[in-house]
A.B. asks: 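Quick one: the structure is below, questions incoming.
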Number of protein chains: 2
Amino acid sequence: MESRCENCIVRQFNSLRAMSKEELKRVSDSKTTRLIKKGEAIFKEGEKLDGVFCVRDGVSKLSKLSENGKDQIVKLASKGEVIGQRSVVAEESVNLSAVAVSDMEVCFIPKEGIVSTLHTNPNFTLEVLRHMAHDLKEADDVIVNMSQKSVKQRMAEAFLYLKNNFGEDEEGYLRLVLSREDISNVVGTAIESCIRIISEFKKKGYLRTSGKRIGIKDEKALKNLVEGF
Amino acid sequence: MESRCENCIVRQFNSLRAMSKEELKRVSDSKTTRLIKKGEAIFKEGEKLDGVFCVRDGVSKLSKLSENGKDQIVKLASKGEVIGQRSVVAEESVNLSAVAVSDMEVCFIPKEGIVSTLHTNPNFTLEVLRHMAHDLKEADDVIVNMSQKSVKQRMAEAFLYLKNNFGEDEEGYLRLVLSREDISNVVGTAIESCIRIISEFKKKGYLRTSGKRIGIKDEKALKNLVEGF
DNA sequence: CGCAAAACCTGATAAATATCATATTTAAAC
DNA sequence: GTTTAAATATGATATTTATCAGGTTTTGCG
């Protein structure tokens, strides 16, 4: 297991790549690596974080609890993504909970190294800013989808998203396996509706399933559905 | 009309306050002031911006068109807010359209002054980053509201938001007057549903209206509704 | 293995919301 | 100021989605 950030491949995907050698060394010296089991929380909504988490492997759901007790999944973060950044930058408690949806390996980086670099290295700060700008755009898109698309369309979109972002296994099933409940929390619908639509998509030949696993059979049809045909 | 950024009061509310005297002078020399009439667009989704807009007066809706032809309003920007920032930072075309919902006065700041400061003044970059972190949190909250709250709850929330952010006039009506269509595009619902709920709230004594203008009569009731009672 | 709990699934029904049709009021244009 | 278009309003109806109730299957665990 590679343990120096300098040699860590996931760094290429996130803002740490804009750090200088010295800054990176400091981060590397202060970081600790943690294994997180599927279902375990990395942090919970409302906590104060004293650092960020860099995902080396696995996937985490970032979700927010609503008054009615449902959890809305706002984002799925995987290899290379840094989570908790928003909270550290804004010096606020976290607004989302992070829970592993597969076994994970993450590095915890104490905020001191991050914050001091933010104050001194504009390239790094700008890089973080660009990532956040990207997240904000994605969030805007989600808002529009939520309000303007039907549950069926959002379901179709979710499967396409899962394929594009996490790929398929050897047998052609979506690599990231989510429970029906998690899927319904991504889409923002009731579990029963989610299950019903999966059944419908199966009947229509858009999907196939094997236990929890879901495979896309007719990508075109799903795309058409999203577009409104 | 004050024309130097150095003396401009709205600067206190946005990231420009983190600029040095010299940087600010440069921005001030390159900026141009524009008057925009209610209904006019500042920019449209998909355009490339070569600068940002600092709002000195009035309010702009930031919205995104969905396939079905409806416009989802993602944010209302008013005095002090800088719009187009995300796009300039990420070096992408804008993902939202900005249209004035009241007569506006905005300053256009060419991106060169912004971008060069982003590269050299970490305090400024960090300040922009903090603002974006705040916007991202707000966007997350909107996502959760959209998916977990009923239209009625979102309507109630919208009126409270309008009161908190734009205040009331002498007669106690909401200062920011939006068309029913704009309200429905904030809330993400059909115009008819929006109007119907306004009527219902009037009947129940939560609101009163006078033409387009809406006044909050029973804030507590609206709050209870949002909380789910 | 066998049992309990959790996850998954389906039908029936209720509630929320959108859509269509049409009337009325308000604002804009000439 | 009149005409015309746009915005607001309301009823009737259709559609979508959630909820409730009861199944079955899968999974984890002693």
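All heavy atoms count here, side chains included; hydrogens, waters and symmetry mates do not. Quantities reported herein were computed from a predicted structural model and do not represent experimental measurements. Residue numbers begin at 1 in each chain, while the letters A, B, ... track the order of the sequences.
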A.B. asks: Can you name the one residue among B/Val10, B/Asp57, B/Val59 that meets side chain to side chain contact (heavy atoms under 4.5 Å, CB included) with B/Ser78?
C.D. replies: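 Testing each of B/Val10, B/Asp57, B/Val59 against B/Ser78, the sole residue satisfying side chain to side chain contact (heavy atoms under 4.5 Å, CB included) is B/Val59.
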
A.B. asks: Walk me through whether A/Ser66 and B/Lys149 qualify under side chain to side chain donor-acceptor pair (under 3.5 Å).
C.D. replies: CA-CA 9 Å; A/Ser66 69; B/Lys149 293 210 168 112; over 6 Å; no

A.B. asks: Spell out protein contact along nucleotides 18-30 of chain C as letters: B when the base is contacted, S when just the sugar-phosphate is, - when no protein heavy atom is under 4.0 Å; keep the 5' to 3' order.
C.D. replies: BBB----------

A.B. asks: Can you tell me how far C1' of D/dT17 sits from CE of B/Met146, to the nearest Å?
C.D. replies: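 About 17 Å, once rounded to whole Å.
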
A.B. asks: If you measure only the distance, is there a donor-acceptor pair under 3.5 Å linking the side chains of B/Gln85 and B/Ser15?
C.D. replies: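 Note: B/Gln85 and B/Ser15 side chains meet the donor-acceptor criterion.
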
A.B. asks: Roughly, in whole Å, what's the span from CD1 in B/Ile195 to P in D/dA7?
C.D. replies: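 About 11 Å, once rounded to whole Å.
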
A.B. asks: Write down the distance between CD1 (B/Ile183) and P (D/dT8), rounded to a whole number of angstrom.
C.D. replies: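 B/Ile183 atom CD1 is separated from D/dT8 atom P by 8 Å.
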
A.B. asks: I need the CD1-P distance between A/Ile191 and C/dC9, as an integer number of Å.
C.D. replies: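 Taking atom P of C/dC9 as the reference, CD1 of A/Ile191 is at 11 Å.
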
A.B. asks: Could you tell me whether B/Lys137 atom NZ has more than 12 heavy atoms of other residues or ligands within 6.0 Å of it?
C.D. replies: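 Correct, the count exceeds 12.
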
A.B. asks: Please figure out whether A/Ile197 or B/Glu181 has its closest DNA chain D nucleotide nearer the 5' end.
C.D. replies: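 Its nearest nucleotide being more 5', the pick is B/Glu181.
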
A.B. asks: Specify the separation, in whole Å, of atom CD of B/Gln153 and atom C1' of C/dT17.
C.D. replies: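 After rounding, the reported distance stands at 14 Å.
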
A.B. asks: In whole Å, what is the span from the CD1 atom of A/Ile214 to the P atom of C/dA7?
C.D. replies: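 Rounded to the whole Å, the gap is 15 Å.
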
A.B. asks: Atom NZ of residue position B/Lys111 - does it have more than 12 heavy atoms of other residues, nucleotides or ligands inside 6.0 Å?
C.D. replies: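 No, NZ of B/Lys111 has 12 or fewer neighbouring heavy atoms, counting only those of other groups under 6.0 Å.
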
A.B. asks: A/Lys149 NZ to D/dT16 P: how many Å, rounded?
C.D. replies: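 Value for this atom pair: 17 Å.
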
A.B. asks: Got a salt bridge between B/Lys75 and B/Asp135, using NZ or NE/NH1/NH2 to carboxylate O under 4.0 Å?
C.D. replies: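 Yes, this pair counts.
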
A.B. asks: Rounding to a whole Å, what distance do you find between B/Gln148:CD and C/dA16:P?
C.D. replies: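 Checked: the CD to P distance equals 16 Å.
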
